[in-house]
Amino acid sequence: MKIATWNVNSLKVRLPHVLDWLAAEQPDVLGLQETKLTDENFPADAIREAGFQVTFAGQKTYNGVALISKQPAADIVTDLAELDDPSRRILGATFGDTRVLNLYVVNGQEVGSEKYQHKLHWLRKVTAHIGKELQRHRRFVVMGDFNIAPEDRDVHDPAAWHEKILCSTPERDALHQMLSLGLTDTFRLFDQEDGLFSWWDYRAAGFRRNLGLRIDLILASAVLAQACARCWIDKAPRKLERPSDHTPVVAEFAP
DNA sequence: ATGGTGGCGCGGCCA
């Protein structure tokens, strides 16, 4: 089972990249973030014509999440009882015997800001939900744009980013709280080269200079972490013309 | 150089 996550930063603009990537990689599940489309404008037909199923929770201009899959999605969740949030950042679904939660975590803008406090609150509520999901589903994956670099080795210049947004200790603690429920960052199950990132700022030629952060993650429950054979970052789409600022992260699990 | 680019949508917000 091949599971992937990709913040596309507008699916309207990135649809050709996504269709090409689906055709080449044939994932079982691809979670998208920042689709930035209302549901009536979602390009469901193009994705279905490519041989995939799709479910989505969109809004205008901001946010928006989707799950593209080989199998149909069951038990779809877009809103949590714990969280009164109109922004479309959450999409949970079951594919066969595997439960998937696709997240576009709040960015937080700046440490100490109102948006930052909201990010920490949002993470606490989502973590409470994940705790309950882990009780129900042995095969459980949480993936998405976490807007948190887990450790300094996930940051191109840890000194420059020290206690900055995406890297601050409270954000990392919040991620650790989520992991401590019984999830594993599948990327770190394997030996990886240094300097592998999933997001590069559009500004200052960030990608060319590899000024990146690893903030897109695939977390797996114990059973799935055991079955994980590989996790990698596919940099190819970031090299295309008019790319997203993020690139796909992929994990492969034994059946 | 406290900037820069990109998406949305047409001014300013968000990332």
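Labels below follow one simple rule: chain letters A, B, ... track the order of the sequence lines, proteins then strands, and each chain is numbered from 1. This one's a predicted model, so the numbers in the text were calculated from it and none came from an experiment.
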Spacing of the [atom1] atoms in [M] and [N] (rounded, Å):
{"N": "B:dT2", "M": "B:dA15", "atom1": "P", "answer": "23 Å"}
{"N": "B:dG9", "M": "B:dC14", "atom1": "P", "answer": "15 Å"}
{"N": "B:dC13", "M": "B:dA1", "atom1": "C1'", "answer": "24 Å"}

Open item on the list: If the threshold is 4.0 Å, N to carboxylate O, is there a salt bridge linking A:Asp154 and A:Arg188?
Closed with: yes
Task: Salt bridge flag under 4.0 Å for residues A:Arg89 and A:Asp79 - done: no
Open item on the list: I want to confirm an ordering. Mapping A:Lys115 and A:Thr61 to their closest nucleotides on DNA chain B, which one lands closer to the 5' end?
Closed with: A:Thr61
TODO: Starting from the 5' end of DNA chain B, give me the residue, A:Lys60 or A:Glu34, whose nearest nucleotide shows up first.
DONE: A:Lys60
Open item on the list: Counting the atoms with a prime plus P, OP1 and OP2 as sugar-phosphate, which does A:Tyr104 contact under 4.0 Å by heavy atoms, base, sugar-phosphate, or nothing?
Closed with: sugar-phosphate
TODO: Treat each ILVMFWY residue as a node, draw an edge where side-chain heavy atoms are under 4.5 Å apart, and state whether A:Val77 and A:Leu123 are in one component.
DONE: yes
Task: Segment of DNA chain B, first to last nucleotide, that comes within the 4.0 Å heavy-atom reach of chain A - done: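 The footprint of chain A covers B:dG4 to B:dA15.
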Open item on the list: Test of understanding: with side-chain hydrogen bond (donor to acceptor under 3.5 Å, both in side chains), list the residues that count as partners of A:Asp201, not counting sequence neighbours.
Closed with: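 If we apply the side-chain hydrogen bond (donor to acceptor under 3.5 Å, both in side chains) test to A:Asp201, skipping adjacent residues, the hits are A:Arg203.
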- [ ] Give every residue pair that meets the ring-ring contact (aromatic ring centres under 6.0 Å, His included) criterion with at least one member in residues 25-77 of chain A, sequence neighbours excluded.
- [x]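 Sorted result for residues 25-77 of chain A: A:Phe42-A:Phe56.
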TODO: Sort out for me which residue in A:Leu179, A:Leu103, A:Leu175, A:Asp145 forms a side chain to side chain contact (heavy atoms under 4.5 Å, CB included) with A:Leu217.
DONE: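 Per the side chain to side chain contact (heavy atoms under 4.5 Å, CB included) rule, the option paired with A:Leu217 is A:Leu175, out of A:Leu179, A:Leu103, A:Leu175, A:Asp145.
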